[in-house]
Amino acid sequence: MSNDDEFYDAVTGLDSDESSESMSEASFKEATGMDYGSQTKNGSIRRENGTKKHRTALPAPMFPRNSVSIWGILKKCIGLELSKITMPIAFNEPLSFLQRISEYMEHTYLLNKACTLPDSIQRMQAVAAFAVSAVASQWDRTGKPFNPLLGETYELTREDQGYRLVSEQVSHHPPVSAFHAESLAGDFVFHGSIYPKLKFWGKSVEAEPKGTITMELLKFNEAYTWSNPFCCVHNIILGSLWIEQYGTVEIINHSTGDKCVLNFKPCGMFGKELHRVEGYIQDKSKRKHCVIYGKWTECMWSVDPQTFENHRKNEKKGESRKHRPEEERKENDDSDDMPESQDTVSVIPGSTLLWRIASRPTHSTTMYNFTSFAMSLNEMEPGMEATLPPTDGRLRPDIRAMENGLMDEASREKERLEQKQRESRKERAKSQEEWSTRWFQQGNNPFTGSPDWLYTGGYFNRNYATLPNIY
Ligand SMILES: CC(C)CCC[C@@H](C)[C@H]1CC[C@H]2[C@@H]3CC=C4C[C@@H](O)CC[C@]4(C)[C@H]3CC[C@]12C
C-alpha cells in the first residue's frame, strides 16, 4: 500500500467504517509489540466491552508550510515571551499549549505500576521512566501550539487509564499554565505549572519550561519533584526544523531522600549523543543503586552500576581500535541539520526495560507529527458538549477550524479571539478589576517551596455557572 492510500484510509477512518477499525487495530498491535505495560492491552480488551475508542487521525491533513524562512518573522520576536509571538498560522499545530502539556500523561501506566512496587528505588525507576516518557511526544513536533487565552481550561478524563486531568491558563503575561491530574483510584496526584521561557540563539529557539512538576504517590506518602529539560528548535533560519531536549533533570523523593539525576545529553558535534539520556538513582547516603540509560525518543533501561561501568570500559577498549567516519557530521556553515547517525540504544546484558515509546501512526507525518495520543486530544467525544465548561480548549473555533484544514477561517478566528481578550483586559483595567483564576491559586510548592499554582478543587463538580465568556 502506498503512503497515499494509507493516508486516505486514515482520513475516512474517522467514521466508524472498516478502514478505521483496521487502522486503529494496526496501531494497537504496533504498540503492544513489546510487553512493557498494560496500557494498550487493557485498551483493546475494554474496547470490546464497549468503552470509548479515541480517534487516531485528524479530520484533515496539514496545510503545507511554504519554504519561506520563518526567520523573517521570528527576528522581530527576539526577546518576546511565547504569548507575544504571532506567527502565520501555517506554523501552528491544531492544539493549544494546555493540550500539548497534557501529553505528559501519555504513559500513565508507569505511575499505576509505580503504585504497586514495594521498594522505593523501584518506584523511583518507574517515576524516572515516567518523567522521560512525559517529554517523548516532543520528538519532531516543530509546530507551535496555540497560546491559551487567559482563563482557558482543558480537561482530560481517561477512565480506561484511570486518571483525570484539569488545566488552566492562569496568567497571560507571562504565560503560565497550571495542571492537576489525579488517579481515579486515589493512588496518585500529579501537578505542576509551566512558564516557558524562550531564548533566541540566532539559528535556534531554546525553551526552558520553568516550573516544578510534582508527583505524589499517596499510598506511600511520597512526593517526587523535578523540572523538565530544555527544548530547542533548530534551523529557524535555514534547513528543516528539528527538536533537541537537553539538561539535567533531578527527581527528588522528598520522603526518603532518594534522588534520580538524569542527564538529557546535547547531541554534540558528531551527533553521537543525539536524544540520549543517562543517569543514576542514589539513596540519601549517596549510594548508587542503579544506572538508567536510553533515549527519550525510544526506550529507557536500568542496570546495576557495576555492570554499567564494566560494559563502558570494554566499549572504550573496542572503540579506540575502530574508526567510524560515517558518524562524522558534515559541517555546513548555514544550516545546523539533525545529525544522521541514528543507531538505536545498545542494550547492556542484564538490563531491565523501564519504558518503550509507542510507534506513531503511519499518517503522523502529514498530521503535525502527532502521536496517537495527541490525535485524540482535541476530539469532541459524544456527550462532551453537555459536560464541558465553556472555557474548554475543544470549544476554540480557531483550533477547530485549523484541524479541519480551514486555514483562513482559523486565522480570522484566532485574530478575533485575541482581540476579544485585549478588549476584556482593557475593560478590567478601566473598572480596576483584577483577573481571578478559577481552579488554581498562586502559592508555594509544599515540597520545594518554589512559586507554584495549586489546584483549589471542585472542577469535576461541574458547576460552571460563573465562568467567563472567552470565545
Ligand atoms: C519554529 C517556530 C515556528 C517556533 C515554534 C516554537 C515551538 C515549537 C516551541 C515554543 C515553546 C515550546 C514549548 C515550551 C515548553 C514545553 C514544555 C516541555 O516540558 C516540553 C516541550 C514544550 C511543550 C515546548 C515545545 C516546543 C515549543 C512549543
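Both counts, for ligands and for their atoms, begin at 1 and track the order of listing.
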Check the pair F264, Y246 against ring pair (Phe, Tyr, Trp, His ring centres under 6.0 Å), reporting the backbone distance first and the verdict last. CA-CA 4 Å; F264 282 69; Y246 48 81; 9.6 Å; no
4.5 Å side-chain heavy-atom contact, T153 and R438: no
Are V303 and C290 close enough that some pair of their side-chain heavy atoms sits under 4.5 Å apart? no
Between F130 and Y224, does the ring centre distance come in under 6.0 Å? no
Classify the ring geometry between H234 and W242 as parallel (under 30°), tilted (30 to 60°) or perpendicular (over 60°). parallel
Could you label the plane-to-plane angle of the H180 and Y455 rings as parallel, tilted or perpendicular, counting under 30° as parallel and over 60° as perpendicular? parallel
Can you pull out the closest protein heavy atom to [atom]? Residue, atom name and distance to 0.1 Å, please.
atom: atom 3 (C) of ligand 1; value: M87 CE, 3.5 Å
atom: atom 9 (C) of ligand 1; value: V233 CG2, 4.4 Å
atom: atom 10 (C) of ligand 1; value: L82 CD1, 3.9 Å
atom: atom 2 (C) of ligand 1; value: I70 CD1, 4.0 Å
atom: atom 24 (C) of ligand 1; value: C231 SG, 4.1 Å
atom: atom 5 (C) of ligand 1; value: K144 CB, 3.9 Å

Out of all atoms in ligand 1, which are within 4.0 Å of some heavy atom of [X]? Include the element for each.
X: F97; value: 13 (C), 14 (C), 15 (C), 23 (C)
X: N228; value: 19 (O)
X: Y104; value: 17 (C), 18 (C), 19 (O)
X: A207; value: 12 (C), 14 (C)
X: G143; value: 8 (C)
X: P209; value: 17 (C), 18 (C), 19 (O)

Does the [X] side chain pair with the main chain of [Y], one donor and one acceptor, at a distance under 3.5 Å?
X: R55; Y: M375; result: yes
X: Q421; Y: E418; result: no
X: R141; Y: F370; result: no

How many angstroms lie between CG in L218 and CD in E182, if you round to the nearest 0.5 Å? 9.5 Å
Tell me whether R416 is salt-bridged to E413, with the criterion being a basic N under 4.0 Å from an acidic carboxylate O. yes
Heavy-atom pairs closer than 4.0 Å: do any link ligand 1 to the side chain of P145, the backbone, both, or neither? side chain
When only distance counts, is Q138 in polar contact with ligand 1, meaning an N/O pair under 3.5 Å? no
Test your reading of the structure: does R100 have an N or O sitting under 3.5 Å from an N or O of ligand 1? no
Can V205 be said to touch ligand 1, with heavy atoms closer than 4.0 Å? no
Atom 17 (C) of ligand 1: protein heavy atom closer than 4.0 Å? yes
